[in-house]
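Take a look at the structure below.
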Amino acid sequence: MLPLGLYLHIPFCRSRCSYCDFNTYVGMEDLYEPYVRALCREIRAAGQSPHLLIFSAAPRPHAATIFFGGGTPSILQPAQLGEAIRACRETFDLPGDAEITVECNPGTIDLRYLRALRSEGVNRLSYGAQSADPGELKLLGREHGFADVIAAVEASRAAGFDNISFDLIFGLPHQSLDAWRRTLNAALPLQPDHMSLYALTVERGTPLHDWVRRGDVPWPDPDAAADMYDLAEDVLGEAGYVHYEISNWCKPGRACAHNLIYWRNEPYFGFGPGAHSSSIRRRWWNVRRPADYIARIGRRESVEMGAEDIDERTSRGETMVMGLRLLQEGVTYARFAQRHGVEMRDMFGEQLRAGQEKGLLELLPDRARLTLKGRFLSNQVMTTFV
Ligand code: SF4
């Protein structure tokens with residue numbers, strides 16, 4: 001049985017960033033306490049879920065990681081996050097040293113908070129740093145400055161955290177290559193163990209979308225974003241980071257264990273409003289609004305809003321599409337065969353050969369992975385498998 005990844009959604013933020021289209025809400029402080037109770041009930045109820053029988057008949061199925069995402073998980077008190085961790089440990093068999101990540105907003109936490117979080121068993125922090133440039137942070141609607149990131153990292157280290165990740169965004173309107181270099185150079189001395197770098201996408205329904213549509217702010221330039229990605233590749237490579245996934249770099253041995261579950265197309269359970277889950281054969285997702293979620297849990301009703309069955313052919317394609325995002329690991333023949341009971345080269349021989357001939361795929365003795373050229377044309381490669 002493959003161990004599960006457990007995702008816990010915290011759908012609250014203090015303010016709304018200009019580019020954000022995540023399932024998160026401001027001004028719902030009254031719901032924090034009932035929400036945590038509802039979340040713990042959903043987690044405990046999952047122990048009796050028929051979906052779990054697919055994995056194991058054991059009283060407590062094996063899980064490998066917990067990831068608090070949002071929203072802003074650090075908006076809750078450490079004791080509230082600790083309650084949810086205890087609900088996970090009661091319901092699932094988690095190793096003592098399981099990776100437990102909390103996404104944090106710099107500027108909203110201090111040493112006392114971080115010490116308490118550490119004592120609740122959290123061992124990995126992911127900071128939404130985004131940029132070191134005050135003007136860019138303002139455009140993004142972030143409430144913190146880069147000085148807050150520095151203070152948060154120092155406090156985190158003092159509290160005993162030795163696994164810290166940063167999110168940074170590039171390809172912003174008006175952003176120059178030099179400005180992006182300055183952000184990278186500001187982040188590196190803080191020695192993050194992991195960095196996730198995302199190109200800005202302008203999502204419909206966000207204030208940023210309105211601004212660019214009105215012409216107040218220029219559309220992000222994809223060529224400039226490509227140059228910034230190349231620069232990050234060079235700068236982070238020189239600093240000793242491994243580029244292990246299309247958007248993620250880490251110090252050796254510090255890949256995000258939770259996200260590896262997604263990229264390896266392994267099962268995960270998501271808890272909270274809008275959270276998605278995936279078992280071997282089925283995907284399902286929860287109602288989106290926190291009040292609706294809490295009310296349904298209170299009435300002991302299902303919070304599932306939708307579901308789809310995944311046929312074996314689709315699942316095999318997804319293993320390739322997700323796995324090829326892993327630039328070093330790729331998709332190993334052994335893992336594919338173990339997961340699907342069929343050899344990758346029998347199933348996708350034609351696609352693998354075509355990708356190799358075009359110089360987009362590298363077929364090693366034990367795995368297939370993207371070449372350097374394939375990384376830039378990854379969409380073209382991925383579509384051949386679906
Ligand atoms: S902190 Fe994150 S989740 Fe919250 S509004 Fe900003 S981008 Fe969205």
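Throughout, numbering of the chain's residues begins at 1 and tracks the sequence. These numbers come from a predicted model, not from an experiment. Read the numbers this way: they start at 1 and go in the same order the structure lists the ligands and their atoms.
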Which word best sums up how the rings of Y229 and F170 line up, parallel for under 30°, tilted for 30 to 60°, or perpendicular for over 60°?
-> tilted

Which atoms of ligand 1 are found less than 4.0 Å from any heavy atom of S15?
-> 5 (S)

Can a cation-pi geometry be assigned to R118 and F161, taking NZ or CZ under 6.0 Å from the six-membered ring centre and within 45° of the ring axis?
-> yes

hydrophobic_cluster_shared for F92 and V36, side chain cutoff 4.5 Å = yes

For T72, the atoms of ligand 1 under 4.0 Å from one of its heavy atoms are 1 (S), 4 (Fe)

Among the clusters formed by ILVMFWY side chains lying less than 4.5 Å apart, do V242 and L231 turn up in the same one?
-> no

Short check: any N/O/S atom of C17 below 2.8 Å from atom 6 (Fe) of ligand 1?
-> yes

Quick one: does G71 get within less than 4.0 Å of ligand 1, heavy atoms only?
-> yes

Looking only at protein heavy atoms, which one is nearest to atom 2 (Fe) of ligand 1, and how far off is it?
-> R142 NH1, 4.0 Å

Close-contact set for ligand 1 against Y19 heavy atoms, below 4.0 Å = 7 (S)

Is the NZ or CZ atom of R316 both under 6.0 Å from the centre of the six-membered ring of F336 and within 45° of that ring's axis?
-> no

If you count the atoms of ligand 1 from 1 in the order shown, which ones are under 4.0 Å from a heavy atom of F22?
-> 3 (S), 8 (Fe)

Shortest protein contact, atom 8 (Fe) of ligand 1 (heavy atom only) | C20 SG, 2.3 Å

Check whether any N, O or S atom of C13, backbone or side chain, sits closer than 2.8 Å to atom 4 (Fe) of ligand 1.
-> yes

Taking atom CZ of R112 as the centre, does the number of heavy atoms from other residues, nucleotides or ligands within less than 6.0 Å exceed 12?
-> no

Quick note on ligand 1: atoms under 4.0 Å from a heavy atom of N105 include exactly 1 (S)

Is any side-chain N of the basic residue among R283 and E318 closer than 4.0 Å to the acidic one's carboxylate O?
-> yes

